[in-house]
Each structure stands twice: as structure tokens, then as C-alpha cells.
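Order of the sequence lines sets the chain letters (A, B, ...), proteins ahead of strands, with each chain counted from 1.
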Amino acid sequence: MLNASLKQLATQLLQRKISSVELTKEFLKHIKTLNQELNAFITLNEEMSLAQAQAADNMIAAGEAHPLTGIPVAQKDIFCAKEWLTTCGSKMLSNFISPYDATVIERFNQVGAVNIGKTNMDEFAMGSSNETSYYGPVKNPWDSLAVPGGSSGGSACAIAARMAPAATGTDTGGSIRQPAALCGISGIKPTYGLVSRYGMIAFASSLDQAGPMAKSAEDLALLLNVMAGFDTRDSTSIQREPEDYAHDLEKPLGQLRIGLPREYFAKGMSNDVASAVEAAIAEYRKLGATIVEISLPNARLSIPVYYVLAPAEASSNLSRFDGVRYGYRAEQYTDLEDMYKKTRAQGFGAEVKRRILIGTYVLSHGYYDAYYLQAQKLRRLIANDFTDAFKQCDVIMGPTTPAVAFNLGEKSSDPIQMYLSDIYTSAANLAGLPAMSIPVGFGDKNRPVGLHIIGNYFREAQMLNITHRYQQVTDWHLRVPAGLLEV
Amino acid sequence: MQWEIVIGLEIHAQLSTQSKIFSGASTAYGAQPNTQACAVDIALPGVLPVLNYGAVERAIKFGLAIGAKINSPSIFARKNYFYPDLPKGYQISQFELPIVQGGSVKIQVGDSEKIVRLTRAHLEEDAGKSLHEEFHGMSGIDLNRAGTPLLEIVSEPDMRSSAEAVAYAKALHTLVRWTGICDGNMQEGSFRCDANVSVRPRGTETFGTRCEIKNLNSFRFLEKAIDFEARRQIEILEDGGSITQETRLYDASRDETRTMRSKEEAHDYRYFPDPDLLPLEISREWIEQVRAMLPELPEARRHRYIQDFGLTVYDASVLTAAREIADYFENTVKQLPTQAKLCANWIMGEVSGRLNKENIEITQCPVGPKQLAELLMRVSDGTISGKSAKDVFDSMWQGEHSGNADAIIAAKGLKQISDDGEIEKLIDQVLAAHPQQVADYHGGKEKAFNSLVGQVMKATKGKANPGQVNMILKKKLLE
């Protein structure tokens with residue numbers, strides 16, 4: 001049951017072979033067994049989860065079931081969920097019980113999905129290893145010495161360890177795809193504006209995008225069907241006809257043209273990752289795809305551009321955490337300014353402070369033009385590269401990360417090395433393009449390798465189709481870390 | 001040395017929308033603290049702003065009324081600074097591309113007209129309020145006002161005296177109320193002024209160093225603050241000192257300005273485009289729709305009153321100080337097209353005097369324009385004297401005889417005696433009864449004539465037409 005696909009679970013629930021309450025209890029039991037070691041969840045609330053499961057069972061009994069009714073979903077702790085502690089991985093919000101639901105949470109509630117718990121994450125989604133969380137690092141289920149990636153490391157870990165059949169993540173520079181790759185699961189960051197950002201605690205508003213994380217492309221399609229949709233409460237949400245992302249899953253690949261960016265394969269990729277990615281591309285060739293060499297000449301600028309724009313927006317977005325209205329406030333202070341300083345000095349971790357400083361600096365008088373404006377111009381160039389590339393191909397593929405999961409502590413003292421984890425992923429955020437990662441094998445120390453797929457705007461259905469076809473002929477996505485599922 | 005004062009104003013007009021600029025919470029004034037602050041206004045984690053297009057429409061209306069350019073797109077930007085009544089740690093405003101650019105306003109100072117150019121007007125949200133008095137050793141925060149839509153209207157440094165600054169502020173005050181985009185209530189803070197003041201030797205081109213005076217919430221304070229500030233700067237310069245650029249606060253109780261923060265302490269607001277809001281696009285069609293909704297503007301009306309009704313510039317200006325007054329005037333004149341001056345005099349005199357006394361608005365005036373016209377008709381056709389008309393007006397105000405002028409005149413017997421024969425008969429009686437005065441008059445005492453007029457009026461209980469009495473009496477005395 002813990003290893004079943006969403007479709008299988010839905011069938012079991014619908015045929016009343018298992019109830020949502022039973023299913024939820026089973027996952028909660030598994031979580032309790034593993035969470036001490038893996039630290040994937042920050043908050044569990046058995047009572048609330050089971051109440052939702054009971055309500056789901058009632059919906060099923062009443063014949064009102066939706067494909068996800070009664071299915072447990074782990075929610076990244078960046079989403080505000082009513083009456084749930086919502087910490088965003090920070091001491092700053094360690095006492096914040098949200099009085100309202102994020103749109104994503106609301107949409108899952110409406111179809112009767114069960115919130116199984118809030119997953120661990122890098123503080124305010126700033127990190128690539130889950131080590132910046134106030135609640136401690138998450139461990140990679142494949143190797144307890146390895147990081148799970150970040151910032152959606154808790155969600156990726158929960159899926160890989162089968163602590164939940166589905167999870168949500170958010171991705172500002174790679175925060176869904178990088179942990180998905182490092183934990184050997186599937187994840188998609190949709191086109192910017194497809195999923196509402198309302199109630200999702202902002203890191204860098206022009207880059208943040210929520211998406212599902214699961215075992216397979218098929219599961220992602222079912223989850224995206226719930227998550228995607230126009231929302232009047234988010235002005236950057238895009239109004240368009242709803243789509244069934246599962247509709248085209250079985251479509252043959254046809255004349256699929258896969259673009260391989262020369263720059264991504266030139267250097268920087270480790271050999272183990274390269275061979276797994278090449279094997280996956282060979283598999284696509286077998287499925288009938290043609291390979292086109294393309295060029296993304298400005299892609300190398302992604303990391304510097306990203307590390308100007310994201311901190312700039314973050315420095316402003318995080319100003320509301322000032323100790324005045326909610327969240328953490330320093331216990332002792334002499335006056336208002338002292339209260340601000342102590343609250344923010346004590347409430348934020350080192351990485352968050354580093355980014356606030358960078359962001360404040362690049363927006364400052366006299367530096368704005370040289371950094372922020374310049375980065376905005378380069379952002380356009382990076383996006384234009386993709387527009388050109390998509391004239392020659394349907395999707396772009398490459399490695400999700402330059403190497404397999406690194407060890408806990410290995411990069412935590414070297415922020416630049418840490419930032420380079422997002423070297424292949426951040427360009428899609430800068431361009432607003434949909435991108436995903438699926439498991440395609442194992443590299444050094446038997447740690448998972450992810451294949452990165454970038455699609456054109458709103459081509460999520462196509463991307464899910466081609467990754468589903470790949471998963472039909474391979475079984476990387478079905479592999480489970482040894483020893484975790486001994487029942 | 002002769003000094004010239006240079007003034008530019010920044011005016012914050014609160015836009016008259018029911019809900020806030022980026023949330024659905026109410027903007028009504030005076031509610032219990034924090035009862036009109038929703039999740040967006042208190043900046044909970046994860047919330048997002050959604051633009052209220054009613055505020056945009058009002059900004060467009062203003063732009064069209066001053067002949068400005070409506071920018072499309074315009075950009076919302078974040079102005080970053082920390083303060084407890086600023087929940088997000090930034091204010092959403094407009095910086096590089098404001099919605100309204102340019103335009104001008106015509107002002108009247110004494111007999112001369114002047115054009116004041118506007119730099120820009122931009123949309124922004126208001127902050128909340130800090131309450132320092134009610135809590136011991138602590139401050140309270142009321143976020144009801146946070147997110148209230150404001151239009152910040154920035155003028156060019158075109159004004160040269162406090163009188164011009166006040167005339168400009170009043171012209172804008174009239175305009176925003178006239179177009180219905182702001183209620184103009186200065187006590188409640190719906191219309192607030194900041195003044196940039198500098199001085200320079202008359203005849204020089206370059207501007208002096210300016211000081212900004214904050215938060216002037218009445219026209220009187222605006223005038224006094226500018227006068228004080230100009231004097232202060234001139235004194236410093238004449239003593240050989242120099243002006244420090246700074247923000248100053250006007251203290252009305254001491255009638256002085258004092259330093260609030262210096263240039264060195266000025267914030268670096270780190271403006272950047274708000275990524276939560278898309279560039280604001282305004283279509284041609286929308287602009288035209290708004291243009292079609294615009295009422296005839298005060299300046300056009302003023303012009304028309306002078307041209308069509310022959311009113312003086314002063315009268316026309318007074319009558320167009322508010323749309324409600326102008327409408328009242330026009331509805332009165334409509335009934336009495338040849339008596340515009342009479343109508344104007346009555347509205348500016350009797351009617352507004354009474355409104356002021358009772359402290360009510362013209363829209364609540366118990367004597368409507370049609371009723372007033374009925375009364376003035378009786379003045380213009382000689383049925384009653386101007387003096388009796390005031391009595392009738394008073395009765396109408398009290399609602400006697402359903403405020404019907406003719407009924408009141410009849411009931412009070414105020415109808416003038418205009419029949420020559422009747423008046424002659426009365427005069428004959430008076431002359432016969434007062435031979436001494438007649439003799440005095442013939443003896444050259446002018447005063448005796450007035451006394452005889454008085455006797456005639458007394459005999460008619462004031463109902464005789466005084467002009468007629470004068471004429472006939474003179475004729476009789478010459479016989």
C-alpha cells in the first residue's frame with residue numbers, strides 16, 4: 001500500500017477495500033517509524049489528518065469522490081494551512097498558527113485530500129540541502145550521510161521513503177527539481193502563474209512557483225490537476241482554460257525533438273551523472289525521439305542573475321517578519337529599533353540573513369542600476385535563449401544537478417558551492433518555464449540521478465506525457481531505498 | 001535684498017473607494033481599531049495584493065481633469081522601510097512610471113490668474129496609525145487605515161507665495177471633490193499637504209536648498225507654515241548662513257516648523273518594481289469611458305458664468321468653489337434666466353450665510369433652488385421689496401406654508417403697493433399732515449425729504465415700492 005500509485009490508491013478507496021482513515025493511519029505509522037531518523041516532517045497533527053480522512057470517507061460513501069479523495073498529501077511547510085503550525089522552516093514563525101488556508105491547501109481540501117503533515121524545508125526556502133532549517137536537516141533516505149537537497153527536501157524525502165504518496169513543493173531556483181533528483185523521485189515546477197502563490201510564504205515572488213512531488217509522472221499529472229488554476233487572489237496567476245494533465249499521458253512520442261544544450265554537456269557535469277543522463281536520452285531515442293543540439297549561450301549567467309534578483313525580492317518580502325504582529329519577538333529589548341534588530345538577528349538563520357544583506361545591497365541607492373537593473377536585462381536575454389531554442393525542439397533535456405547528493409555538512413560552509421547546485425535549474429525560473437526532474441538511475445555511492453526536462457510555456461501535459469512514456473519502459477521511479485519498506 | 005519664495009506641494013488625496021487599494025477590507029472612517037484590517041492589510045505570511053480598479057479609475061479621472069497624460073503601463077513599486085504601522089515593511093507606491101504625468105491647474109490670486117504645472121500623480125497605499133497615548137510604556141497599532149488608497153499629487157515648484165500655495169491647494173481640493181474622487185475631509189485626513197519651500201534672491205534662476213514641511217492638515221496651517229519657513233530661511237541666509245536640506249514638521253500650537261529628520265538621516269527606500277503586481281495597462285477605451293463620465297469642470301463653468309451670465313470673475317469663482325453650490329446656482333438661474341446676478345447675490349449672501357450659521361451643506365438646504373427662484377421672481381417683478389424678501393426667505397427656511405414664497409407673501413401681506421394712484425393718495429395725506437416738514441424741505445433742508453419718505457412708508461407699513469414713493473413725492477413737492 002505504501003508503494004502504490006495514486007491511481008491504485010484511488011481504486012482501492014473507491015472499491016472500499018481500504019478506507020481513507022485506515023490509509024492515513026498506515027502512512028502516519030510509517031512516518032512515526034522513520035521521522036526520528038529522516039526528519040522529513042516538522043509538524044504532524046494526527047487528529048486533524050484523521051478528521052479529514054473521515055470526511056473523505058464520507059465523500060466516497062456519498063458517491064462524491066474525486067481522483068484524490070482520501071489520499072494523504074504531505075504539504076511543504078511554506079503553505080499556510082488553517083489551524084496548522086506554519087513555520088517555513090524558521091524560528092521566526094516557530095509559533096505561527098495560520099488563521100487561513102493557502103489556495104493550494106484549499107484546492108486539496110476541496111477534493112477531499114488528506115493533509116498528512118507539514119514537511120521540513122530550508123529556512124524560507126533558501127537552501128539546496130535542507131540544512132538551513134531551524135528544525136534541523138533532513139536526511140536522504142538513500143544514504144543517511146547525504147543531503148536530500150532543498151529547499152523542498154522534506155517533501156522529497158517523504159516521497160522517497162514512502163512516508164506519503166504525494167507531496168507539494170515550491171521551486172524558486174530548483175527547490176522542487178533538485179531534491180527530487182537527489183532523492184530519486186519525480187517533481188515538476190509548472191509555468192510561472194499556473195499555480196496560485198496565495199498563502200505560499202514568499203521568497204522571491206517573480207520566481208516562486210508551487211508544484212507537485214511524487215513517485216511518477218502519472219501521479220504528478222493527477223496532483224497538478226488539483227493544484228493548477230486561476231486565482232483572483234494572486235495577480236500573477238494566469239487565466240486560461242483548465243487542462244486535464246492526465247489526458248495525454250499515453251500518447252506516443254511521435255516526432256518528439258529533444259534539444260540538448262551544448263553548454264550543459266560541455267563541462268561541469270560529473271561522469272556518473274553524465275552516463276545516467278546519456279542512458280536516459282538513449283532510451284528516448286529508442287522511443288522514437290530525435291535529438292537536436294541547441295545552444296543556450298546566456299545560461300551560464302543564470303546563477304549570478306538569480307543571486308541578485310532572488311535576494312533583492314527576498315530582502316523586501318521578509319521585511320514583514322519584524323516581531324510586531326505575529327511570529328517570534330526577542331524577549332528583551334530597549335526600544336523599537338533594538339526590538340527589530342534583536343528579533344531579526346535571533347529569528348533568522350545565517351543563510352536567510354546573508355540573502356537579506358545581499359538583497360538590501362543590490363537595491364541600495366547607487367547600486368541598483370549596476371546590479372538589479374542589469375540582472376533584469378540579463379534575465380530577458382536568458383529567456384530569449386529559450387524562445388530561440390524552442391524553435392528547434394519541443395523539450396530541452398539535461399542533468400538536473402551536476403552531481404549526485406553531497407554529504408551533510410560538505411558545502412554548508414561554502415555558499416558559492418551550494419549555490420552552484422542550482423546551475424541547471426534556475427534558468428527555468430528566470431524564464432518562467434515549466435521544468436521537471438525524473439529519476440534515471442544511480443551514480444556514485446548508489447545515489448540517485450535526475451533527468452531535467454524543460455518545456456515550453458504551458459506544455460506541462462506534453463512533459464508529463466513524455467516522462468510517463470519513459471517510466472512505462474523503465475523502473476527507476478519504482479525503486480525504493482533498501483530496508484525502508486520491510487513490512 | 002529682495003527674496004523670492006519658491007513652493008511646490010505634495011498632496012495626498014484619499015480616494016473615495018469603499019474598499020482598500022489592495023484588499024477587500026472597508027475604508028470607512030472611525031471604526032474600532034483593527035476591525036477593518038484583513039489578512040492582506042496586516043501582512044500575514046503568504047498574502048498577496050490585488051489591485052482595486054475603482055482606485056485606478058479615480059486616478060484616471062483626476063488625470064483627465066487636469067489635462068495630464070495617463071501612462072500605460074504604469075508600474076507599482078515597493079518603498080522599503082521599517083515602521084510598526086507599515087505591516088509589510090514596505091509601502092506599495094509608484095515610482096518611475098506613475099499613472100498620471102504632467103497636467104496643470106489654473107489658480108486665481110487677487111485679480112491675476114496663474115497656471116501651476118503638475119509633475120505627476122501616483123497611486124499608493126496609506127499606512128496604519130501608531131497610538132502612543134492610551135498605553136503605558138507601549139505603543140498601540142491600528143491598521144484600519146493601512147491599505148487605504150491615496151493619490152499623491154506632486155506639483156512643480158511653480159508657486160511664489162503662501163497665498164498662491166493656498167489657492168493651488170484649494171483649487172485641487174475643489175477639483176477632487178468636484179470629480180467625486182475624494183471627499184476632501186481634512187479633519188479625517190482625506191486631504192493632506194506637504195510643502196517644499198525654498199527661497200532665492202529675486203531675479204536668480206537656480207533654486208535654493210529646500211525644506212519639506214510635513215503634514216499640513218488645514219489651509220490656514222499651510223499658509224502659516226510656509227510663511228514661517230520662508231522667514232526662517234531668509235533670516236539664516238541674511239545672517240550669512242546656509243540652509244540644510246531636511247524634513248520639518250509644522251507645530252501649529254507654537255506656529256513654527258522644526259527639524260524632523262536631516263538629509264543624512266533620510267531613508268534609502270530601495271524602490272523596485274513590485275513583483276506581486278503586473279504593470280498596470282490602461283486601454284484607450286477605458287480612458288474614453290472615464291472621460292465621458294467627467295462632469296463639466298469648475299474652470300469651464302467659471303468661464304461660462306462670466307460669458308453667459310455676465311458675472312464677475314470673483315462671483316464666478318465663489319459659485320464654482322464646490323460642485324453642489326454651482327449646481328444650486330444653475331438650477332436657480334434656470335428658472336430666472338435674466339436674473340443671474342440677483343441669483344448669485346442671494347446664494348453668496350443670504351443662502352450661504354444661513355448655511356454657515358446652521359453649519360449645514362447646501363445639499364441639505366431647506367430652501368431648494370426652485371423655491372429660491374420663486375422668491376427672487378417676486379423681487380424682480382417688484383411684488384415685494386428686497387427687505388421683505390429676507391423675511392419671506394426666513395419663513396421658507398422654517399418651512400411655513402410648505403416653503404411656498406407666494407403663499408407666505410400673501411399670508412404676511414407683504415405685497416408692495418405699486419399702484420401710482422394709491423401711492424399719490426397716501427402722499428397727499430402725508431403732506432397735508434406734515435406742513436412743517438414740507439416747509440423745511442422748501443427751505444433747503446434735504447433731511448426733511450427723507451423724513452417724509454419715512455412717513456409714507458410708515459403709513460403703508462413698508463409695503464410701498466420705495467423707488468416709486470421717491471419719484472412721486474419729488475414730483476408732488478415741486479408742484
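- In terms of heavy-atom pairs under 4.5 Å with chain B, the best-connected choice from A:Arg197, A:Met200, A:Gln376 is A:Arg197.
- Atom CD of B:Glu281 has more than 12 heavy atoms from other residues, nucleotides or ligands within 6.0 Å.
- Chain B forms more heavy-atom pairs under 4.5 Å with one residue of A:Asn317, A:Asp322, A:Val362, A:Leu318 than with any other, namely A:Asn317.
- When side chains are defined from C-beta on, A:Tyr368 does not count as touching B:Arg270, because their heavy atoms never get closer than 4.5 Å.
- Residue A:Tyr367: no heavy atom, backbone or side chain, is found under 4.5 Å from chain B.
- Rounded to the nearest 0.5 Å, atoms CG (B:Leu143) and CZ (A:Arg325) are 7.0 Å apart.
- Among A:Leu373, A:Thr236, A:Leu207, the residue making the largest number of heavy-atom pairs under 4.5 Å with chain B is A:Thr236.
- Using a 4.5 Å cut-off between heavy atoms, A:Ala204 does not touch chain B at all.
- Heavy atoms of other residues, nucleotides or ligands lying less than 6.0 angstrom from NE2 of A:His365 number 12 at most.
- By the neighbour-count criterion of 12 heavy atoms within 6.0 Å, atom CD of B:Glu188 is densely surrounded, having more than that number from other residues, nucleotides or ligands.
- Side-chain N or O atoms of A:Ser235 include one that pairs as donor or acceptor with a backbone N or O of B:Pro49 at under 3.5 Å.
- Options B:Leu277, B:Leu51, B:Ile42, B:Leu86 differ in how many heavy-atom pairs under 4.5 Å they form with chain A, and the most are formed by B:Ile42.
- Looking at A:Tyr326, the atoms closer than 4.5 Å to chain B (heavy atoms on both sides) all sit in the side chain, from C-beta outward.
- Contacts of residues 330-349 of chain A with chain B at a heavy-atom distance below 4.5 Å involve A:Leu336, A:Tyr340, A:Arg344, listed in sequence order.
- Residues of residues 85-96 of chain A that come closer than 4.5 Å to chain B, counting heavy atoms only, are A:Leu93, A:Phe96, ordered by residue number.
- The candidate from A:Ser98, A:Ser205, A:Ala202 with the greatest count of non-hydrogen atom pairs under 4.5 Å with chain B is A:Ser205.
- Here the shortest heavy-atom pairing between B:Gly46 and A:Arg320 reads N-NH1, 4.3 Å.
- Among A:Ser316, A:Ser319, A:Ser315, the single residue meeting the side chain to side chain donor-acceptor pair (under 3.5 Å) criterion with B:Asn80 is A:Ser316.
- Among B:Pro45, B:Pro275, B:Gly89, the residue making the largest number of heavy-atom pairs under 4.5 Å with chain A is B:Pro45.
- When B:Ala43, B:Ser139, B:Ser23, B:Gly24 are compared by the number of non-hydrogen pairs under 4.5 Å with chain A, B:Ala43 comes out ahead.
- Residues passing the salt bridge (charged side-chain N to carboxylate O under 4.0 Å, His left out) test with B:Arg78 are B:Asp274, B:Asp276, sequence neighbours excluded.
- At a 4.5 Å heavy-atom cutoff, B:Tyr269 makes no contact with chain A through either its backbone or its side chain.
- Across all their heavy atoms, A:Ala312 and B:Phe272 have their closest contact at O-CZ, 4.2 Å.
- Between A:Val324 and B:Ile141, the shortest heavy-atom distance links the atoms CG1-CG1, 4.5 Å.
- Near-neighbour residues of residues 76-84 of chain A relative to chain B, defined by a heavy atom under 4.5 Å from a heavy atom of that chain, comprise A:Cys80.
- Around atom OH of B:Tyr53, no more than 12 heavy atoms belonging to other residues, nucleotides or ligands sit under 6.0 Å away.
- Nearest approach of A:Pro99 to B:Leu44, heavy atoms of both residues: CG-CD1, 3.5 Å.
- Other residues, nucleotides and ligands contribute more than 12 heavy atoms inside 6.0 Å of the OH atom of A:Tyr135.
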